[in-house]
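Remarks on the structure that follows.
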Amino acid sequence: MTITNPSKTIDIAASRNWQQSSVISLFDEIIAAESSIELVPVSAIENIVDDIPSFWVAKQHLCKLMQVLKHDLSKPFDMCFDLSAIDETERQYKSSSAADFTVNYHLRSHQRNEDIRLKVALSAANKSIDSVCSIWANANWYEREVWDMFGIKFIGHPYLCRILMPNTWQGHPLLKTHPARATEMAPFTLPPDIQDKEQQALKFNPEVWGMKRQSGVNGKDNDFMFLNLGPNHPSVHGAFRIVLKMDGEESVDCVPDMGYHHRGAEKMGERQSWHSYIPYTDRIDYLGGVMNNFPYVMAVEKLAGITVPDRAKVIRIMTSEMFRILSHLLFYGTFAQDIGALSPIFYMFIDREKLFGIIEAFTGARMHPSWFRIGGVAQDLPQGWDKLVREYVDYLPKRLDEYEKMVMQNALLKKRTVDIGAYSSKEALAWGVTGPGLRATGYSWDLRKQRPYSGYDQFDFEVPLGHKGDCYDRCRVRVEEMRQSIRIIEQCLNNMPSGPYKAEHPQTTPPDKSRTMQDIDTLIPHFVNVTWGPVIPAGEVSMFVEATKGIMGYHLVSDGSTMSYRTRIRTPSFAHLQMLPLISKGQMVADLIATLGSVDYVMADVDR
């Protein structure tokens with residue numbers, strides 16, 4: 001795909017962020033479909049500032065409402081985008097409809113290009129609610145996570161067990177009563193008897209997962225083999241265990257087992273100031289760099305009512321697309337390596353090093369620069385930045401042309417990836433797949449196009465699509481996305497606005513350090529912002545970006561303090577791995593390795 005129209009003039013001042021349509025029409029449509037459902041719009045005190053229609057619903061009406069939204073509307077909601085919870089016990093600014101806990105359901109309709117948020121209040125005395133797994137298949141893992149983190153029971157769930165914490169863990173980490181730091185807990189020890197208990201808890205019991213040990217009519221003909229792939233196998237791309245149920249060399253079923261990389265990222269958000277949490281976001285998808293900062297700072301800016309300067313918007317877009325290239329190059333090389341081609345990754349690391357050199361010149365760091373700030377970026381672009389970027393924009397397309405012949409046109413790679421690990425658009429939406437994994441099926445949905453943010457509506461680029469949704473198409477889409485990222489970066493290069501690189505917002509954004517030596521009125525806001533951190537108005541917000549692996553988002557709840565009351569991170573890889581039992585069924589182990597590589601997940605992104 002050739003880069004066209006790089007000289008397009010960008011008027012970033014004319015950009016407009018996407019906004020959802022009226023809440024009233026959706027409310028009326030739901031009530032018309034099922035009048036017995038009682039929907040209560042959220043109250044003003046909750047201050048939900050993201051324009052997503054949000055309603056309280058009684059838990060006895062939840063499943064009926066889900067059926068209406070998925071099946072009875074003219075343009076139904078086709079994806080359970082996220083499912084999370086909030087411990088409301090210490091919250092000051094909360095609705096009269098709230099109780100001790102709130103379970104949030106975030107649904108999306110791609111036909112409407114609309115979302116809806118449903119809230120269900122639960123009391124501490126009755127922390128149970130009906131499972132929606134029978135309606136939304138991908139709710140399975142989300143409900144397990146809510147039970148793991150909050151102790152909320154989902155009635156009718158096929159197997160409600162821990163998913164991120166060890167089975168032997170005591171308590172539920174996201175409760176406000178649970179310690180947030182290791183120093184608040186007893187010193188860790190592992191005597192022999194406890195070690196034996198932990199080892200015993202890791203044993204896999206097929207019957208618990210509804211699996212049979214033997215095949216045949218009477219279940220006595222052949223023994224299935226249960227094979228551990230991981231958690232330290234190089235082809236699982238991280239600390240990730242997959243228990244495979246094998247019939248000979250064919251995979252019949254599998255159970256993904258994650259949590260080895262869990263670091264309590266959401267819990268940390270409750271103890272860090274709004275500014276000091278930014279470095280933690282870099283480590284969610286540790287290959288995404290500043291792309292991880294993007295939805296977080298956008299969410300805080302929305303809560304605080306901050307207008308980001310045009311120059312900062314374009315700098316953010318340019319550096320985000322650089323990290324998209326960095327992530328996709330690593331995927332490209334490791335995917336080829338998983339298939340058996342060892343040379344490409346060494347060439348692609350050279351390309352990554354050249355781009356990391358530019359990132360380092362901009363930010364002073366490489367993989368985790370923590371460079372975005374509330375209101376803009378940490379500092380302005382250095383002198384000569386344009387020369388560095390232009391050299392790379394001219395350099396990479398030629399390298400991608402070489403890789404096209406080396407990798408994508410390689411007959412052995414095609415034989416290993418075409419028609420392998422395929423799924424349809426309908427299946428992708430049912431399991432919450434976003435990003436290249438969805439577009440590989442031929443479904444054109446890119447947040448930068450459908451819901452432009454930060455000025456993306458002013459840029460000229462295309463959305464690459466596949467048509468089979470197999471391993472080859474997932475790779476093809478990412479390869480073409482790199483060409484489109486170069487196209488966007490070149491437009492940033494040719495149209496970089498002048499002006500400030502961060503907002504003039506003394507309540508949240510520290511002024512330039514150089515000015516603090518000039519007058520006390522600048523020194524005091526700088527000191528307060530850096531030490532205590534800003535006080536963000538009470539409210540709720542969800543913000544999302546088209547990240548390297550799919551749609552990443554933050555749902556932030558502020559209670560009017562210097563720290564987040566609740567930080568929810570919606571990552572793409574968590575949803576994508578839940579599809580493994582579906583797409584791996586009937587595969588050989590070698591095919592599974594290709595499928596895993598094509599999903600392009602990061603375990604830090606899954607486990608948080």
Side-chain angles (χ1 to χ4, degrees), residues 1-4 6 234 237 282 285-292 315 317-369 371 381-382 384-410 413 417 435-436 461-462 464 471-472 474-494 546-549 597-602:
M1 187 176 293
T2 57
I3 298 176
T4 59
H237 296 269
D282 281 70
D285 169 9
Y286 51 70
L287 300 176
V290 297
M291 190 83 80
N292 295 280
I315 292 174
I317 288 175
M318 180 173 68
T319 51
S320 292
E321 295 303 323
M322 287 178 178
F323 271 100
R324 192 184 309 280
I325 293 172
L326 286 166
S327 178
H328 283 358
L329 278 172
L330 185 63
F331 157 78
Y332 204 4
T334 55
F335 180 62
Q337 187 178 37
D338 284 338
I339 304 302
L342 300 183
S343 298
I345 192 168
F346 294 103
Y347 295 108
M348 293 173 192
F349 259 81
I350 294 172
D351 304 337
R352 294 181 83 240
E353 283 302 308
K354 288 180 181 291
L355 190 47
F356 272 132
I358 298 174
I359 294 294
E360 191 171 2
F362 286 7
T363 70
R366 288 162 57 87
M367 288 185 69
H368 306 136
W371 198 56
L381 296 171
W385 70 271
D386 51 339
K387 181 175 182 293
L388 294 174
V389 175
R390 195 169 298 281
E391 287 175 354
Y392 196 80
V393 164
D394 293 337
Y395 162 84
L396 187 62
K398 300 170 187 174
R399 299 282 285 191
L400 293 178
D401 291 341
E402 293 178 14
Y403 303 147
E404 179 70 22
K405 292 179 282 187
M406 184 187 299
V407 181
M408 299 308 294
Q409 299 306 322
N410 185 295
L413 184 133
T417 59
F461 65 99
E462 296 168 17
C471 293
Y472 187 84
R474 288 193 283 276
C475 184
R476 166 61 68 197
V477 166
R478 291 181 176 92
V479 171
E480 297 304 327
E481 282 189 356
M482 284 191 279
R483 296 186 185 274
Q484 297 305 312
S485 290
I486 284 289
R487 185 172 169 181
I488 294 170
I489 291 169
E490 187 166 12
Q491 290 171 66
C492 293
L493 176 63
N494 295 335
E546 187 68 46
T548 60
K549 291 161 179 56
S598 71
V599 172
D600 187 26
Y601 59 89
V602 166

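Fair warning: this is a prediction, and the values are worked out from it, not measured in the lab.
Here Glu404 pairs with Arg476 in a salt bridge; the nearest charged N to carboxylate O distance falls below 4.0 Å. A salt bridge between Lys354 and Glu391 is absent, with no side-chain N of the basic residue lying under 4.0 Å from a carboxylate O of the acidic one. Ion pair Glu481/Arg478 not flagged as a salt bridge, since none of the NZ, NE, NH1 or NH2 atoms sits closer than 4.0 Å to an Asp/Glu carboxylate oxygen.
Note that the CZ atom of Phe362 and the OG1 atom of Thr319 stand 8.0 Å from one another [nearest 0.5 Å]. Asn292 CG to Thr548 OG1: the interatomic distance, rounded to the nearest 0.5 Å, is 7.5 Å. Between Met406 atom CE and Arg399 atom CZ the span is 8.0 Å, to the nearest 0.5 Å. Remark: Leu381 CG to Thr363 OG1 distance equals 11.0 Å, nearest 0.5 Å. To the nearest 0.5 angstrom, Phe335 atom CZ is 10.0 Å from Asp600 atom CG. Atom CG of Leu400 and atom CG of Leu329 lie 7.0 Å apart (nearest 0.5 Å).
No hydrogens or angles considered: nothing links the side chains of Tyr392 and Asp351 as a donor-acceptor pair under 3.5 Å.
The two residues Met408 and Cys475 have their closest heavy-atom pair at SD-SG, 3.6 Å. Closest approach of Val599 to Arg474, counting heavy atoms only: N-NE, 4.4 Å. Scanning all heavy atoms of the two residues, the minimum distance from Leu413 to Ala336 falls at CD1-CA, 4.4 Å. Between Ile325 and Ser485, the closest heavy-atom pair is CG1-CB, 3.7 Å. Minimum heavy-atom separation, Pro369 to Gly289: CD-CA, 4.4 Å. When all heavy atoms of Met348 and Gly333 are compared, the closest pair comes out as SD-N, 3.3 Å.
Taking the ring axis of Phe356 as reference, the NZ or CZ atom of Arg366 stays within 45° of it and closer than 6.0 Å to the ring centre.
With a 4.5 Å cut-off on side-chain heavy atoms, Leu326 and Ile359 count as touching. You'll find the side chain of His368 reaches within 4.5 Å of the side chain of Tyr286, heavy atoms only. Within the 4.5 Å cutoff, the side chain of Leu287 has heavy atoms near those of the Met367 side chain. Between Leu355 and Tyr395 the shortest side-chain heavy-atom distance does not fall below 4.5 Å.
Between the side chain of Arg324 and the backbone N or O of Glu546, at least one donor-acceptor pair lies under 3.5 Å.
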What do the steps show when you test Lys549 against Val602 for side-chain contact (heavy atoms from CB on, under 4.5 Å), and what is the final call?
CA-CA 9 Å; Lys549 291 161 179 56; Val602 166; 3.2 Å; yes

Between Trp385 and Met318, is a side-chain contact (heavy atoms from CB on, under 4.5 Å) present by the stated rule, with each step listed?
CA-CA 12 Å; Trp385 70 271; Met318 180 173 68; 3.8 Å; yes

For side-chain contact (heavy atoms from CB on, under 4.5 Å), just list the numbers for Arg352 and Ile345, CA-CA rounded to whole Å, side-chain angles, deciding distance to a tenth of an Å, and then say yes or no.
CA-CA 10 Å; Arg352 294 181 83 240; Ile345 192 168; over 6 Å; no

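Shown are Glu480, Met482, Arg487; of these, the side-chain contact (heavy atoms from CB on, under 4.5 Å) with Gln484 is made only by Arg487.
Qualifying side-chain hydrogen bond (donor to acceptor under 3.5 Å, both in side chains) partners for Asp282, counting only residues two or more places apart in sequence or in other chains: Asn293, Ser370.
Note on ring orientation: taking the six-membered ring where Trp is involved, the planes of Tyr332 and Tyr403 are perpendicular (angle over 60°, cut-offs 30° and 60°).
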